[in-house]
There are 2 protein chains.
Amino acid sequence: MSPRIGLDLPTILQAAVEIADTRGLEEVTLASLAQKLDVRSPSLYNHVNGLSGLRSKLAVYGLEQLLHVMTQAVVGRSGDDAVRELGKAYVTFARAHPGLYDATLRAPDPQDEEVRRLAGETVDLVIRALQAYELKDDAALHAVRGLRSLLHGFSSLEQRGGFGLPLDLDVSFRLLLDTFLAGLHEMKRWAKAESKPT
Amino acid sequence: MSPRIGLDLPTILQAAVEIADTRGLEEVTLASLAQKLDVRSPSLYNHVNGLSGLRSKLAVYGLEQLLHVMTQAVVGRSGDDAVRELGKAYVTFARAHPGLYDATLRAPDPQDEEVRRLAGETVDLVIRALQAYELKDDAALHAVRGLRSLLHGFSSLEQRGGFGLPLDLDVSFRLLLDTFLAGLHEMKRWAKAESKPT
DNA sequence: TTGCAAAAACTAATGTCATTAGTTATTATA
DNA sequence: TATAATAACTAATGACATTAGTTTTTGCAA
């Protein structure tokens, strides 16, 4: 009386997220997952394509959630306010789901159609949030990369305990965003000065 | 006639770096390393405390090299120039040694005395590079964190192929640094305006 | 309602890896 | 020259992932 226990992909992913967030992404193994789900590890192959398949699904799952909280963060906002809330949502997610966040960066298959779609949507979202700065064409895309670099860098270093100094992390983050935004405003000024010269 | 082949720590680290940089940090196993060195994997325990010990040593080795290239980059420079060269040296190192760079962030033991020393020296170096901005006390430390976030974030995302758009990465990086530096200048202006009010 | 095919769980087996214990040969030193 | 430390080795164990093949349940068609 063992087949059809009721295992399914959502259940598996939820258990995997729990392990990732509490013990780290490396601790998400088919063995640990099977034990948590009270199942033998080969059974997982009915739902997921091995460990690498699981990690890919975990990455997509995380990207979906991250995009969702970022989307919620910017609705009805624009300019500095929008970017600040976006940033806050990003680091809050990374703090709440360290393992899942890790998966979004280390586990995804770049070929995966779903991953590409989510990446594209995220870029679009950030572009819209940056509209107030009137960056033209490529400049907007470069700014998206910059903002993403800064958000990921901060989150990643915070997660790994890379910041050793006894200094308030929230203050560091706020100042970092402020500095970046001030820089964006300057870029906007300079661009205007160039287009209306002497 | 097998003992005393001539294996030593530098040789081991060099081989490990080669594997890490070409195949990725995850591929650095005692097995792969032993094969490369033409030795049985238990022999490595005479020089290194297992896989975790190897990774710790790799992290220290990488941090030393990274600090070295950053130090070279800022000598005789100050202000924007110093920060720009520092940033360039950082991403150049990460590009040239992706696996070793990865090790500096994922492998280090935060308790390790050597790691703490190198981290401290790095902070000092960056503080000096930022001296021209006249940031007072904590502000300077927050700025160090910000710069580091941005450098690591960019390097990490670039390495993982996280930037999908067909857009010149060097331009993105230069703009990111420019934006941050412009922001720092603004912070300096505001601080002055505050100290000499109305 | 009955029977059959697909799906989901299982057991058993293989191979890779890290790690430990115990052995042997070499080197350095007393 | 003898001995102790060291560096390599072999053998064995245990954790994993993965595959092959088996059994049981379930859904659907006759």
Would you indicate, yes or no, if C:dA18 has its OP1 or OP2 atom less than 4.0 angstrom from a side-chain nitrogen or oxygen of B:S41? no

Atom CZ of B:R55 and atom C1' of C:dA18 are separated, to the nearest Å, by 13 Å

Rounded to whole Å, please give me the gap between CD1 in B:I5 and C1' in D:dT6. 13 Å

So, are B:R117 and B:D112 salt-bridged, with charged N and O less than 4.0 Å apart? no

A:D170 and A:R95 ion-paired at < 4.0 Å: yes

Can you tell me if A:R55 uses its side chain to pair, donor with acceptor, with the backbone of A:V28 under 3.5 Å? no

N/O-N/O pairs, protein side and nucleotides 20-23 of chain C side, under 3.5 Å:
none

For atom CG of B:D38 and atom P of D:dA8, their distance in whole Å: 12 Å

Whole-Å distance, A:L7 CG to C:dA9 P, equals 5 Å

Starting at atom CG of A:L44, determine the distance to atom C1' of D:dT18, rounded to an integer number of angstrom. 12 Å

Report yes if at least one side-chain N or O of B:R40 is closer than 4.0 Å to OP1 or OP2 of D:dA8; otherwise report no. no

Taking only side-chain nitrogens and oxygens of A:S43, does any of them come within less than 4.0 Å of OP1 or OP2 of C:dC10? yes

Point-to-point distance, once rounded to the nearest 0.5 Å, from CG of A:D80 to NE2 of A:H185: 3.5 Å

Regarding B:G53, tell me which of base, sugar-phosphate or nothing describes its non-hydrogen contacts under 4.0 Å with the strands shown. nothing

Donor-acceptor pair under 3.5 Å: do we get one between A:N46's side chain and the base of C:dA7? no

Spell out, as yes or no, whether a donor-acceptor pair under 3.5 Å connects the side chain of B:S155 to the backbone of B:H152. no

What is the distance from CG of A:L30 to P of C:dA9, rounded to the nearest Å? 14 Å

Between B:L175, B:L165, B:L157, which is the residue that forms a side chain to side chain contact (heavy atoms under 4.5 Å, CB included) with A:R145? B:L165

Looking at A:H47, does any N or O in its side chain come under 4.0 Å of the phosphate oxygens OP1/OP2 on C:dA7? no

Nearest whole angstrom, please: distance from the C1' of D:dA17 to the CD of A:Q35. 16 Å

Whole Å only: how far is the CG atom of B:L51 from the P atom of D:dA15? 18 Å

Parallel, tilted or perpendicular, as decided by the 30° and 60° cut-offs, for the rings of B:Y101 and B:Y90: perpendicular

